[in-house]
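This report concerns only the one structure given below.
Side chains included, hydrogens not; waters and symmetry mates left out as well; all remaining heavy atoms used. By convention in this document, chain letters (A, B, ...) are assigned in the order of the sequence lines, proteins followed by strands, and residues within each chain are numbered from 1.
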2 protein chains.
Amino acid sequence: MKNSEVDRRVMKTRQAIHEALISLMEEKKYNKITIQDIIDRANVGRSTFYAHYATKDELLFSNVEDSLEILNQYIKSYIEHDEDKPGLISVVELFEHIKEHRKTIKGLFKEEGTDLFFEKVEAYWNENIEEYIKSKLPRGQEPKVPIEILTMHISSTIINLLKWWVYNNMSYTPTQMEQYFRNLVNPCIDSVINNHSEKS
Amino acid sequence: MKNSEVDRRVMKTRQAIHEALISLMEEKKYNKITIQDIIDRANVGRSTFYAHYATKDELLFSNVEDSLEILNQYIKSYIEHDEDKPGLISVVELFEHIKEHRKTIKGLFKEEGTDLFFEKVEAYWNENIEEYIKSKLPRGQEPKVPIEILTMHISSTIINLLKWWVYNNMSYTPTQMEQYFRNLVNPCIDSVINNHSEKS
DNA sequence: ACATTAATGAACACTTTGTTCGGTTATATT
DNA sequence: AATATAACCGAACAAAGTGTTCATTAATGT
């Protein structure tokens, strides 16, 4: 029986496959990567791959789950610290995290084949954001925009900023990006939640 | 020589292929549709397909270019009518257009394989929106958010709303969606362009 | 009616996929 | 150090898709 540890061979194989995928994603789009490519680069038998993962997507997500959890933490902390200094720290850190891990994470942002990934990210974030918005909303008051839409909009805004930023070689600093994010999102949250006059 | 018209056979074939793709996209994701599927459904020889289109994407875009042009018109008209009644009419019409053509256009919104399409849409829109923003910006004044980012954000917001709306079976009316769009976007445009106090 | 142009469908070499299975090697345990 | 176990290997497989070629047939415009 295994000592709650995994066979070293398994770890080695998984890592080889993992690294192969990452390395390939730096070169071409996820869509265009074949399992053949992966096992070639990983130096792993065909049957071995299928012993570990049923599909390419399964591999992707097993690779990405850690990243997902980390990204989620940033949003959580963004929300939790909102009272004092509205989210400044953690969104900066989110961008910094991406910048730091750009080599391994960049493939995920490359055109196409990113849908799957970002759907997951958004689903993660939506939970926390929705809760946050509800807590902000004065009781008994109808928001001008349905909460589900506002939530979706905020998640999407972060994701779009991240995508754009990576795609444009991170030409602004994380701090700037954070600032831009707040400039885009805070006014509309205020406006939706408070009964600001609609204005002409 | 052809009378600037196309051979009837060509039209017939193109249409058959076109309809095959549309019909397949109502059933499964674009990614999962093979050329084999298409020629089977279209009842068209393999070589015939390749005589017309080099790739599946080429087919997609030839199908979609008309839609693109139409969508672009809505944004143009949104911008042009902004002075009097800020964009109300044409964004409603945009959602109505989608609703009307949902059978043929819905496939494009189905998860995955939409990146290609929406990149095109966004590129189209960005041109017009950027121009619009520049015209709004008082001369010599620096916007709080770079224009390219603000532009991207507005395009993305419409696209996300459209996607979300279609994905959720168009559960709100086009007029409502238009209202939500404005509630999400106008406050942040105002805030970015005018030197509103940043507020605490 | 006739020359032109398009569609056909079969054949092709090629790649990818997912599975199977007997043989080999690394591993943990004793 | 010996051994049972579990993991890897790799070759082979059928099945499906890709993109091209080509000789044959049919529709079209004039």
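One finds no side-chain N or O of A/His52 lying less than 4.0 angstrom from the OP1 or OP2 phosphate oxygen of D/dA7. Distances shown here put every side-chain N or O of A/Tyr50 at or beyond 4.0 Å from the OP1 or OP2 atom of C/dT19.
The separation between A/Asn31 atom CG and D/dG17 atom P is 18 Å, rounded to whole Å. We find that CG of B/Asp7 is positioned 17 Å from P of D/dA26, with the value rounded to whole Å. Distance, A/Tyr53 OH to C/dT19 P: 16 Å, rounded to whole Å. At whole-Å resolution of the value, CZ in A/Phe49 and C1' in C/dT19 are 14 Å apart. Separating the CG atom of B/Leu59 from the P atom of D/dG19 is a distance of 13 Å, rounded to the nearest angstrom. As a whole-Å value, the separation of B/Ile17 CD1 from C/dA6 P is 14 Å. Taking atom CZ of residue B/Arg9 and atom C1' of nucleotide C/dT4, one finds them 8 Å apart after rounding to whole Å.
Counting any heavy atom pair closer than 4.0 Å across all strands shown, B/Arg8 reaches sugar-phosphate atoms only and no base atom. Using a 4.0 Å heavy-atom criterion, one finds that B/Ser47 contacts the bases of the nucleic acid, with or without backbone contacts as well.
Of the residues in residues 36-46 of chain A, those with a non-hydrogen atom less than 4.0 angstrom from any atom of DNA chain D are A/Asn43, A/Val44, A/Gly45, A/Arg46.
Along DNA chain C, the nucleotide nearest B/Thr13 and the nucleotide nearest A/Ile35 are compared for position; the residue whose nucleotide lies closer to the 5' end is B/Thr13. Comparing B/Lys12 and B/Thr34, the nucleotide of DNA chain D nearest to each residue sits closer to the 5' end for B/Thr34.
Not counting sequence neighbours, the partners of A/Thr34 by the side chain to side chain contact (heavy atoms under 4.5 Å, CB included) test are A/Gln36, A/Asp37. Among residues two or more places apart in sequence or in another chain, the salt bridge (Lys or Arg N to Asp or Glu O under 4.0 Å) test is passed with A/Lys134 by A/Glu130. For B/Asp40, there are no salt bridge (Lys or Arg N to Asp or Glu O under 4.0 Å) partners two or more places apart in sequence or in a different chain. With sequence neighbours excluded, no residue forms a salt bridge (Lys or Arg N to Asp or Glu O under 4.0 Å) with A/Arg46. Contacts of B/Arg8 classified as salt bridge (Lys or Arg N to Asp or Glu O under 4.0 Å), with partners at least two apart in sequence or in another chain: none. Residues forming a side chain to side chain contact (heavy atoms under 4.5 Å, CB included) with B/Ala20 (at least two apart in sequence, or on another chain): B/Ile38, B/Arg41, B/Ala42. A/Asn126 meets the side-chain hydrogen bond (donor to acceptor under 3.5 Å, both in side chains) test with A/Ser155; sequence neighbours excluded.
Taking five base pairs at each end of the helix from C/dA1-D/dT30 to C/dT17-D/dA14, the local helix axes there meet at an angle of 20°, rounded to 10°.
Smallest separation of non-hydrogen atoms from B/Ser156 and A/Asn160: CB-ND2, 3.2 Å.
Panel note: side chain A/Tyr53, backbone A/Leu60; no donor-acceptor pair is recorded below 3.5 Å.
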